[in-house]
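Inspection log for the structure reproduced underneath, given as structure tokens.
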Amino acid sequence: PPGAMAAAACLGGVAVAGAGVGWWASRRSREGRLSPAVQAKADDLWQKMSPVNGGKAVTREGAAKFFGHKFGKLSVDAMFDEVDVNHDQEMTKEEWDAFWLGVKTAGYTNESIAEELDNMLGGCAWVDWRDGRAPAHSEKAMGSMGSKRSQP
């Protein structure tokens with residue numbers, strides 16, 4: 001159920017958004033475009049991470065301030081591993097937007113993306129989307145049903 005993802009995301013560390021199992025798979029969509037409302041949430045999260053260089057980049061420090069002490073280092077490591085494609089320790093707005101488009105084209109619905117963005121905006125950890133990218137500390141990533149994520 002939708003609440004299971006929210007609970008899993010807040011359980012601790014980095015959570016894995018549960019897709020491809022049971023009823024969740026039937027809700028996935030292959031549309032490759034974020035809705036305006038979901039893009040606005042992604043943009044809101046971007047702004048809350050204190051972008052630098054005129055809003056063009058987010059540093060690890062800015063992201064760490066947003067995620068705080070609870071699971072901040074795990075969230076920042078996982079997020080940068082997935083989003084910072086050139087590994088220069090700064091996420092650009094282009095990398096950020098491309099990441100969310102990749103999540104959408106991996107089959108997630110706007111509804112599921114919006115739910116996880118709301119969770120992160122509300123203080124939960126970064127979520128490992130099953131989109132072909134691997135986060136840092138994947139051995140600590142939690143499945144949406146509370147089980148450990150299996151290693152590839």
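Values reported hereafter were calculated over all heavy atoms of this structure, with side chains retained and with hydrogens, waters and symmetry mates removed. All residue numbers in this chain count up from 1 along the given sequence.
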Test log, rule side-chain contact (heavy atoms from CB on, under 4.5 Å), inputs Gln89 and Arg60: CA-CA 7 Å; Gln89 304 305 305; Arg60 284 182 167 273; 2.4 Å; yes
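- From Lys65, atom NZ reaches atom CE of Met49 across 13.5 Å, with rounding to the nearest 0.5 Å.
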Worked verdict on Leu34 versus Asn110 for side-chain contact (heavy atoms from CB on, under 4.5 Å): CA-CA 6 Å; Leu34 294 176; Asn110 279 302; 4.0 Å; yes
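- Judged by distance alone, the side chains of Glu82 and Trp129 never bring a donor and an acceptor atom under 3.5 Å apart.
- Minimum interatomic distance between Val58 and Phe80 (heavy atoms only, all atoms of both residues): O-CZ, 3.5 Å.
- Considering CG of Asp118 and CD1 of Ile113, their distance stands at 12.0 Å, rounded to 0.5 Å.
- Ala57 and Glu90 make their closest contact through CB-OE1, 3.6 Å (heavy atoms, listed as atom of the first residue, atom of the second, distance).
- Among residues two or more places apart in sequence or in another chain, the side chain to side chain contact (heavy atoms under 4.5 Å, CB included) test is passed with Lys48 by Asp44, Phe66, Leu121.
- Every residue two or more places apart in sequence or in another chain that forms a side chain to side chain contact (heavy atoms under 4.5 Å, CB included) with Ala42 is listed here: Gln39, Trp96, Trp100, Leu117.
- To the nearest 0.5 Å, atom OG1 of residue Thr92 and atom CG of residue Asp84 are 8.0 Å apart.
- Side-chain contact between Lys93 and Asp43 is present, with heavy atoms from C-beta onward closer than 4.5 Å.
- Pairing each heavy atom of Gly62 with each of Ser50, the nearest pair is CA-CB, 4.5 Å.
- Judged purely by atom type and a 3.5 angstrom limit, Ser75 has no side-chain atom pairing as donor or acceptor with the backbone of Gly72.
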side-chain contact (heavy atoms from CB on, under 4.5 Å) assessment of Tyr108 paired with Glu116: CA-CA 11 Å; Tyr108 288 91; Glu116 292 303 335; over 6 Å; no
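- Summarising the geometry, atom CD belonging to Glu95 is positioned 4.5 Å from atom CG belonging to Asn86; distances are rounded to the nearest 0.5 Å.
- In the hydrophobic clustering of ILVMFWY residues, with side-chain heavy atoms under 4.5 Å counting as a link, Leu45 and Val38 come out together.
- Here the straight-line distance linking atom CE of Met120 with atom CD of Glu115 works out to 11.0 Å at 0.5 Å rounding.
- Closest approach of Pro51 and Trp46 over heavy atoms only: CD-O, 3.5 Å.
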